Amino acid sequence: MNVLVINCGSSSLKYQVIDSESEQVLAKGICERIGIDGRLVYQPKDGEKELTNAPMPTHTEAVRMVLDALVNPKTGVLKSLQEIDAVGHRLVHGGEKFSSSVLIDEDVILAVEACSDLAPLHNPANLIGVRACQEVLKGVPMVGVFDTAFHQTMPQKAYLYGVPYSYYEKYGVRKYGFHGTSHSYVSKRAAEILNKPYESLKTIVCHLGNGASVCAVENGKSIDTSMGLSPLEGLIMGTRSGDIDPSAVEFMAKKENLDLDGILNVLNKESGVYGISGLSSDFRDLDSASQEGDERAKAARDMFCYRTAKYIGSYAAAMNGADVICFTAGVGENDGGVRKDVCSYLGFLGVKLDEEANKKRGEEVILSTPDSKVTVMLVPTNEELAICREAVAIINQ
Ligand code: ADP
């Protein structure tokens, strides 16, 4: 089965075509600047990356351009569009309604729309991608895979906030968590690599990318995670503040003369390691700057690692121990320095890092020594493959 995996944002659309039997990526790329001018990046499996600038007033034109590239007689990877058997859509917020992936129909679209006030930036954009594909790929089954679904197993004591219960009842104010597709994929993959039963492992997954979250997976189920009602809670991220005293929000807004939207924009886009360093949200820049003696870049890295370690510690407490700690996503897969600093706090758990193994990047590898009480691993995430597998599973149901 060939699955077109779509991750649609407000002005971009990332795509991959995956052959579900071989799990090979046949082609991948991104449409950028949709609604502005339009740029298609297309990379076939065995070919060169191509860039095409062409007008893309809406996502429908973007999807059309992707499909044209896929069936292009010279560089395409499909003979015809009939070779696309399913589309898997990344959908960000499924609220409490969706605890697993679903076949998309009108009812599902309405239910995702109903969750839009919880994710006003993401859900409408995701749905635009769904509608565009429906228009261009009539009759092809589409599956929605939610970032929040994996965390729907959290117990109430983990997901409720300490605010009036009626807010939960009336408005759904609670922790939902994100990166669920990644946390699920990585924790399962770790169990496979270790040849241990997923259903009896205590795993802590650190998804450290530009957005970052930690998840406690006990016996194959998410029991807690650091992101909340929105992706702003938890770790210090590339540009997001993570946890902060709500009173500080009001205090800063008053001092800076900002309204609610203004201060939330600061917390989402001008904070995190970018805001602290005043330099960059990219850990490669922070690493080189701190090596050159930039104190704020160093402080940003230190704060990021400290907060990550605190979450790991709290999840070890929540699960009464941990068997496995996984690092994944851009920073987790590539920055051995961050992994080392995080693990330096975890001696109390019996974590011993193998410094030689920790030099590896972007591959599946055990990072701890054989006598470490907790197995520390690097497991590259693959959300597109996870979405492809979900789509196949739902269609074959
Ligand atoms: P997202 O999907 O949230 O945009 P990614 O998981 O792709 O984020 O991570 C992107 C981040 O990974 C970059 O901002 C950068 O900080 C970090 N990163 C990527 N490559 C490296 C590297 N070689 N060394 C250190 N950090 C890296």
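Computed from heavy atoms alone, side chains included, the values below leave out hydrogens, waters and symmetry copies. Note that the structure is a prediction, hence the values are computed from the model and not measured. Ligands are counted one by one from 1 in listed order, and the atoms in each one are counted from 1 as well.
Close approach of ligand 1 to V331 (heavy-atom distance below 4.0 Å) involves ligand atoms 12 (O), 16 (O), 17 (C). For ligand 1, the atoms sitting less than 4.0 Å from at least one non-hydrogen atom of A329 are 6 (O), numbered in the order shown with element in parentheses. Near R361, the atoms of ligand 1 lying under 4.0 angstrom from a non-hydrogen atom of the residue are 23 (N). Of all the atoms in ligand 1, the ones that sit under 4.0 Å from a non-hydrogen atom of G211 are 3 (O).
Counting only N and O atoms by type, the side chains of E390 and S101 include a donor and acceptor under 3.5 Å apart. A donor-acceptor contact under 3.5 angstrom links the side chains of S187 and Y198, judged on distance only. Looking only at atom types and distance, the side chain of E270 has no donor-acceptor partner in the side chain of T239 under 3.5 Å away. With 3.5 Å as the limit, one finds a donor-acceptor pair spanning the side chains of Y161 and E233.
In terms of protein heavy atoms, atom 8 (O) of ligand 1 is closest to N210 N, 3.1 Å. Atom 25 (C) of ligand 1 has its closest protein heavy atom at R284 CG, 3.6 Å. Nearest to atom 26 (N) of ligand 1 among the protein's heavy atoms is F283 CB, 3.7 Å. Among all protein heavy atoms, the one lying closest to atom 22 (C) of ligand 1 is N334 CB, 3.3 Å. Protein heavy atom closest to atom 5 (P) of ligand 1, with residue, atom name and distance, is G330 N, 3.8 Å. Counting protein heavy atoms only, atom 15 (C) of ligand 1 is closest to D282 OD1, 3.4 Å.
At a distance under 4.0 Å, no protein heavy atom can be found next to atom 2 (O) of ligand 1.
With values rounded to the nearest 0.5 angstrom, I128 atom CD1 is found 10.5 Å from S11 atom OG. In this structure, OH on Y15 lies 9.0 Å from CD1 on I6, to the nearest 0.5 angstrom.
Salt bridge present: R301 and D335 bring a charged side-chain N and a carboxylate O closer than 4.0 Å.
A cation-pi arrangement, defined by a distance under 6.0 Å to the six-membered ring centre and an angle within 45 degrees of its axis, is present between R174 and Y159.
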